[in-house]
Amino acid sequence: MSNTCVSDHRLGGPATQPWSRFVTTHDAHEQAQAQAGWSLQYDQMSCGKFVGQVHLMQLPGVSLVHEGANQAIRQRGDLGDDSYLFALPASANAGSALFSGAMVGQHDIMVGPSDGLDLCSPAHFHLIGIVVDAELLASLWARTHHPSMAAWVSHQRVVSIGAERAQCLLALHQQIFQCSQSGLPLAATTKALEILRDDVILAWIDALPATCDVSDVRAASMRKAVVHRACDWMLQTSDDEALSMLDICKRVGVSSRKLNYCFQEILGMSPMKYQRITRLNRTQQALKQAHDGQSVFDIASRWGFWHMGQFSQDYKRLFGELPSATLRASA
C-alpha cells in the first residue's frame, strides 16, 4: 500500500496544457515511478527509511525537475527519445555523486543525451535539471553566442561552470518552482509560457563552457557498457534462480578482475556489493506487489537469498523494516 503524497497544479489558463506536480515518496521505486513518462529504475544504496521528493514541471518541449532523497540512490534509465539532459547539484554534498562514472562537483553541470542515464547520488542529495527536446534545443542554441550546438554535448559529460553561474541557475529554478507550488499560474497565455521556457533553456546553454575535453569518452563508454551488461544480467533469473557472479562474468565476456575495475570506476563499489543491494531492492518491490499466498521465503528465494536469517537482517539494515512488515503492508 503506497502512502505517496501528490500535489498537482496547472501552470496557466484553461487553454494551456503545461502542469506542475509535487510528490513525496517513501521508497526508491516510488521515486522513479513518480516521474511519469520516463523509463527509470531507482535502487536505494544506503541504509535507513527512505523519504524523497520530486517536483516536476512540464512546459512546451521541456520538463523541469527538482528532486532529492535522504538516502543514496542509483538512477538508471531513459528520459525520452531525441532529447537532452542538463542537471546541477542543489545540495552541498555533490562530491561523491557519479554521473556516467565521472565525479560531480557542487558547481558542475551533468549534460548529454537523455537516454542511458546513470547517476549514483549520495544521501541527502538534491538536483535541479531540465530535459529538453533536441530540435527545440538546437533552435535556441542558434540564438546564443555559440556558433553551433557543441558536438561534445552528444556525450554524457560533467563540466564545471563555476559558483556564480551555478547559483544563478539554482536561483532561477527556485523562483519558478516556488511560484508553481503556490498554486498561482505562472503565465496567462501560451506565448508567455513559451517565453519562460526559452529563458530557462537559454540560461543553461549560456552557463556551459565553449569547449570540453572528450579524450576519455571512448574508454569511459566501454567501461559503462560492461557495467550495464552486467547489471542487466543481475536482474535476470535462470530456472527461477538468480545468476551467480561467475555466470554474469561469462555472459558479459570479461574476467572478474575486469568487472570489478569497471564497477569501481562507474559505480564506486564492487559488483558483489552492488548485486546484493540490487537483489534486495527487487525483493522489496516484489514484496510490495505480492499476490495472496506468496511468502517472504518464496520471493526472497527467487532473488537468490537462501539464508533467511541473514536475508532478514540485511533487508532490515537497508530499508529500516523487516521483509515481513513490507509484505503485511502490501496486503
Side-chain angles (χ1 to χ4, degrees), residues 1-9 19-58 63-77 79 87 89-91 93 96-97 117-129 177-178 180-181 183 235 273-274 276-292 294-296 298-300 302-303 305 311-331:
M1 183 180 299
S2 172
N3 54 354
T4 304
C5 299
V6 181
S7 175
D8 291 306
H9 297 292
W19 49 263
S20 173
R21 169 173 291 183
F22 182 82
V23 184
T24 299
T25 63
H26 294 87
D27 70 54
H29 182 62
E30 283 184 0
Q31 185 91 350
Q33 294 296 106
Q35 302 176 67
W38 295 336
S39 177
L40 294 170
Q41 179 66 62
Y42 281 26
D43 290 317
Q44 179 177 332
M45 310 302 288
S46 61
C47 298
K49 286 283 190 178
F50 185 99
V51 179
Q53 304 84 32
V54 178
H55 195 165
L56 290 172
M57 183 183 300
Q58 183 64 54
S63 300
L64 281 67
V65 60
H66 179 193
E67 74 162 318
N70 67 334
Q71 301 297 339
I73 303 172
R74 185 196 180 193
Q75 308 178 18
R76 185 184 175 201
L79 303 176
S91 51
N93 61 335
S96 56
L117 171 69
D118 196 341
L119 173 62
C120 296
S121 57
H124 305 289
F125 180 82
H126 292 255
L127 64 78
I128 61 166
F177 278 119
Q178 284 179 344
S180 71
Q181 201 167 1
L235 301 181
K273 180 178 180 180
Y274 181 77
R276 187 166 189 83
I277 291 176
T278 300
R279 289 177 176 176
L280 286 168
N281 274 269
R282 296 302 169 277
T283 304
Q284 183 198 45
Q285 290 179 33
L287 288 170
K288 291 193 171 189
Q289 300 166 1
H291 304 297
D292 291 341
Q294 286 186 302
S295 68
V296 171
D298 294 335
I299 294 170
R302 181 175 181 270
W303 287 106
F305 296 105
F311 160 73
S312 294
Q313 291 179 26
D314 292 345
Y315 187 98
K316 184 177 182 180
R317 185 180 304 112
L318 183 59
F319 300 120
E321 67 179 17
L322 288 170
S324 57
T326 306
L327 184 61
R328 283 196 303 270
S330 70

Open item on the list: Going by salt bridge (charged side-chain N to carboxylate O under 4.0 Å, His left out), name the pairs with one or both residues in residues 34-53, residues two or more places apart or in two chains.
Closed with: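 Qualifying pairs, neighbours excluded: Asp43-Arg282, Lys49-Glu321.
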Hey, is the main chain of [Y] close enough, under 3.5 Å, to the side chain of [X] for a donor-acceptor pair?
| X | Y | answer |
| --- | --- | --- |
| Thr283 | Ala300 | no |
| Glu30 | His26 | yes |
| Gln31 | Gly68 | yes |

- [ ] Decide side chain to side chain contact (heavy atoms under 4.5 Å, CB included) for Phe305 and Leu280; before the verdict, give the C-alpha distance in whole Å, the side-chain angles of both, and the deciding distance to 0.1 Å.
- [x] CA-CA 9 Å; Phe305 296 105; Leu280 286 168; 3.6 Å; yes
Exercise: identify the closest heavy-atom pair between [X] and [Y]:
| X | Y | result |
| --- | --- | --- |
| Phe125 | Ser91 | CA-OG, 3.5 Å |
| Val296 | Phe311 | CG1-CE2, 3.8 Å |
| Gln71 | Cys47 | OE1-O, 3.3 Å |
| Arg317 | Asp314 | NH1-OD1, 2.9 Å |
| Gln44 | Ile277 | O-CG2, 3.2 Å |
| Leu318 | Ser46 | CD1-O, 3.3 Å |

- [ ] Would you please name every residue forming a ring pair (Phe, Tyr, Trp, His ring centres under 6.0 Å) with Phe50, sequence neighbours left out?
- [x]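 For Phe50, no residue satisfies ring pair (Phe, Tyr, Trp, His ring centres under 6.0 Å) once neighbours in sequence are set aside.
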Atom pair [atom1] ([X]) and [atom2] ([Y]), whose distance is rounded to the nearest 0.5 Å:
| X | Y | atom1 | atom2 | answer |
| --- | --- | --- | --- | --- |
| Asp298 | Leu287 | CG | CG | 10.5 Å |
| Thr326 | Gln289 | OG1 | CD | 12.5 Å |
| Ile299 | Gln294 | CD1 | CD | 4.5 Å |
| Lys316 | Ser324 | NZ | OG | 9.5 Å |
| Leu40 | Arg76 | CG | CZ | 11.5 Å |
| Thr25 | Glu67 | OG1 | CD | 8.5 Å |

- [ ] Walk me through it: do His29 and Lys288 pass the test side chain to side chain contact (heavy atoms under 4.5 Å, CB included)?
- [x] CA-CA 10 Å; His29 182 62; Lys288 291 193 171 189; over 6 Å; no
Open item on the list: side chain to side chain contact (heavy atoms under 4.5 Å, CB included), that's the test. Do Gln33 and Tyr42 meet it? Break it down for me.
Closed with: CA-CA 9 Å; Gln33 294 296 106; Tyr42 281 26; over 6 Å; no
- [ ] List the steps, then state whether side chain to side chain contact (heavy atoms under 4.5 Å, CB included) holds for Gln35 with Gln75.
- [x] CA-CA 12 Å; Gln35 302 176 67; Gln75 308 178 18; 5.8 Å; no
- [ ] Please determine which of Trp38, Phe177, Phe22 meets the side-chain contact (heavy atoms from CB on, under 4.5 Å) test together with Leu56.
- [x]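 Only one of Trp38, Phe177, Phe22 forms a side-chain contact (heavy atoms from CB on, under 4.5 Å) with Leu56, namely Trp38.
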